[in-house]
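Keep in mind that what you see is a predicted model, and the values were worked out from it rather than measured. Sequence lines set the chain letters: A, B, ... in the order given, protein chains first and strands last, and positions in each chain run from 1.
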Protein chains: 2
Amino acid sequence: MPLPVSIHPPKSACSSCNLAELCLPIDLSARELRKLDELSTLKRNFSRSDYLYRSGDKFRSLFAIHSGSFKTQILHEDGREQVTGFQMAGEIIGLDAISTDIHACEAVAMESCVVCELPFNKLEALSREIPTLQRHLYKIMSREIVRDQGIMLLLGSMRAEERLAAFLLNLSQRYAARGLSATQFQLRMSRQEIGSYLGLKLETVSRAFSHFQEDGIIIVKVRAIEIINLASLQACLNNSRL
Amino acid sequence: MPLPVSIHPPKSACSSCNLAELCLPIDLSARELRKLDELSTLKRNFSRSDYLYRSGDKFRSLFAIHSGSFKTQILHEDGREQVTGFQMAGEIIGLDAISTDIHACEAVAMESCVVCELPFNKLEALSREIPTLQRHLYKIMSREIVRDQGIMLLLGSMRAEERLAAFLLNLSQRYAARGLSATQFQLRMSRQEIGSYLGLKLETVSRAFSHFQEDGIIIVKVRAIEIINLASLQACLNNSRL
DNA sequence: CAACTGCTTTGATATATATCAAAAAGAGTA
DNA sequence: TACTCTTTTTGATATATATCAAAGCAGTTG
């Protein structure tokens, strides 16, 4: 059964946003929070398969996902594409564009989304006034580096089923962190997109799902996933052999 | 023939460092440069296979590589390890530790190295006083994110020889950026380490080297590499088939 | 110099995943 | 409902890379 991300009427202020814990405003004073409110003036809606930004776009803002979820992907000259991540509510995207002032990847909405635009020059200035915010930005960027290196480990040294196990456990944790079920959720992405993310073909992803189901570890109804045995998934990751 | 990274007598000041262009002090005024000098008090020497930091170490400082080169790697519970990068003079490492205040990966010297320690709390404070420095730090972190995503593309969708071509071209460019030959250099890492980085076994790496040599694209004498035909390497990357 | 050690190359074979193909299942629409 | 279109599943086969094994080299140490 689908468990939609909870959607609240889009207020424009960080100070009244229910995602505070996940997003920007960690440990800010009331005064600092009010300053932050001035920042995020624009809140925009996106429908499935809309682009938030494209590769090559001029960089102006980071984006905080208020609701819904995106995928980010990079395109190779020859047409190949690689999904680099699936982002959900409370996560900040666009960090890769800071280095060159040009977006290196593209972000596509996987469902209806609401996004807060955070003009980077304002964010920079504000982060000099609010040390906590500066530190938080450094941490967000560092977290993205750690995440990417985790995927390098996955892509470089795990077998197909381990990769899928890691993927499902990661989703499970992130849903749980948002107050949703850790064991029942609806995938927002296709087998092909999962495959691209995990460095596998869609058929291999499908077979890995089927295999987990045969072993009674999960129940798969196309995009509806129920994890029956979290521990087995974890074991699959650690033991290299189930 | 080996082309050693040029080593100057280690002065402690950023303002007199020949790596300025590559490292921290971009576009700083004389006064700002002097401030930066106060930062980097410690300069430390490392021998081959010394650890700069280990996974789990408390985070205190970023490190600027003054000379020599390091590899960074992450360890999986079951003993598998993944090399996440090879870093050379002018590059900053330790960024992944900012997110949790614990080093997520470990850095190992691949030869004799000199490293500048940059205490992060001082760097943070300084970056509030010097907007250019703050922006530069954001850019360095963003660049690392872009680099990591490039490796995700490589690991997720390239075949063995394309990966090696991408690796060699990357080294070539980075040596060139340091005023060294773009076509002749000495590898600092083993086939096993290259394999770990590229998600391949050492035998596969060795065979790919041999194949490039048979095709007259490079000359390999164990760790001494000469690139005969840069364009062919580039083509190997773009065409997906040589 | 010889013996040792670790790294690299090369060959033979095994295996995980990709590829090709077709059927089944859903989702949307007339 | 019937129809189209896309996604998913499953099977048969091909292929790239891993694995296993041995030999060659280079550097180190006694």
Quiz item: Of the candidate nucleotides D:dA18, C:dT9, D:dT19, which contains the atom at the shortest distance from the side chain of B:Arg207?
Solution: D:dT19
Quiz prompt | Side chain of A:Glu203 (C-beta onward), nearest among C:dT9, C:dT17, C:dC20 | solution = C:dC20
Exercise. Consider the side chain of B:Arg191, meaning its heavy atoms from C-beta on, and name the nucleotide among C:dT9, C:dT19, D:dT9 that approaches it most closely.
Key: C:dT9
Practice problem: Hey, which sits more toward the 5' end of DNA chain C by its nearest nucleotide, A:Val205 or A:Val222? | Solution: A:Val205
Exercise. Figure out the CG/C1' separation between B:Leu155 and C:dT17, and round it to whole Å.
Key: 16 Å
Self-check item: Residues B:Lys71 and B:Glu106 bridged, charged N to O under 4.0 Å
Solution: no
Practice problem: Would you mind reading off the distance between A:Arg223 atom CZ and D:dT8 atom C1', rounded to a whole angstrom? | Solution: 10 Å
Quiz item: Using a cut-off of 4.0 Å on non-hydrogen atoms, how would the nucleic acid contact of A:Leu202 be classed: base, sugar-phosphate, or nothing?
Solution: base
Practice problem: For B:Glu193 and C:dG6, give me the distance from atom CD to atom C1', rounded to whole Å. | Solution: 13 Å
Quiz item: What is the distance from NZ of A:Lys221 to P of C:dA27, rounded to the nearest Å?
Solution: 13 Å
Quiz item: So, B:Ser47 and B:Ser112: side-chain donor and acceptor under 3.5 Å apart, yes or no?
Solution: no
Quiz item: Rounded to whole angstrom units, what separation is found between the CZ atom of A:Arg48 and the C1' atom of C:dA27?
Solution: 12 Å
Quiz item: Looking for any heavy atom pair under 4.0 Å, which part of the strands does A:Gly195 touch: base, sugar-phosphate only, or nothing?
Solution: nothing
Exercise. With the side chain of B:Ser210 defined as its heavy atoms from C-beta on, choose the nearest nucleotide among C:dT9, D:dA18, C:dA16.
Key: C:dT9
Quiz item: Does a side-chain N or O from A:Thr204 land closer than 4.0 Å to OP1 or OP2 of C:dA18, or not?
Solution: yes
Quiz item: Between A:Leu187 (CG) and C:dA27 (P), how many Å, whole number?
Solution: 14 Å
Quiz item: Under 4.0 Å between a Lys/Arg side-chain N and an Asp/Glu carboxylate O for A:Glu91 and A:Arg143?
Solution: no
Quiz item: For the pair made of CG in A:Leu164 and P in C:dT17, what is the distance, rounded to whole Å?
Solution: 12 Å
Quiz prompt | Pi-cation contact, A:Tyr51 with A:Arg54 (under 6.0 Å, within 45°) | solution = yes
Quiz item: How is B:Ser190 classified with respect to the nucleic acid when contacts are heavy atoms under 4.0 Å: base, sugar-phosphate, or nothing?
Solution: sugar-phosphate
Exercise. Starting from P on C:dT8, measure out to CD1 on B:Ile225 and report it in whole angstrom.
Key: 11 Å
Self-check item: Short N-O contact, A:Glu193 and A:Arg188, less than 4.0 angstrom
Solution: no
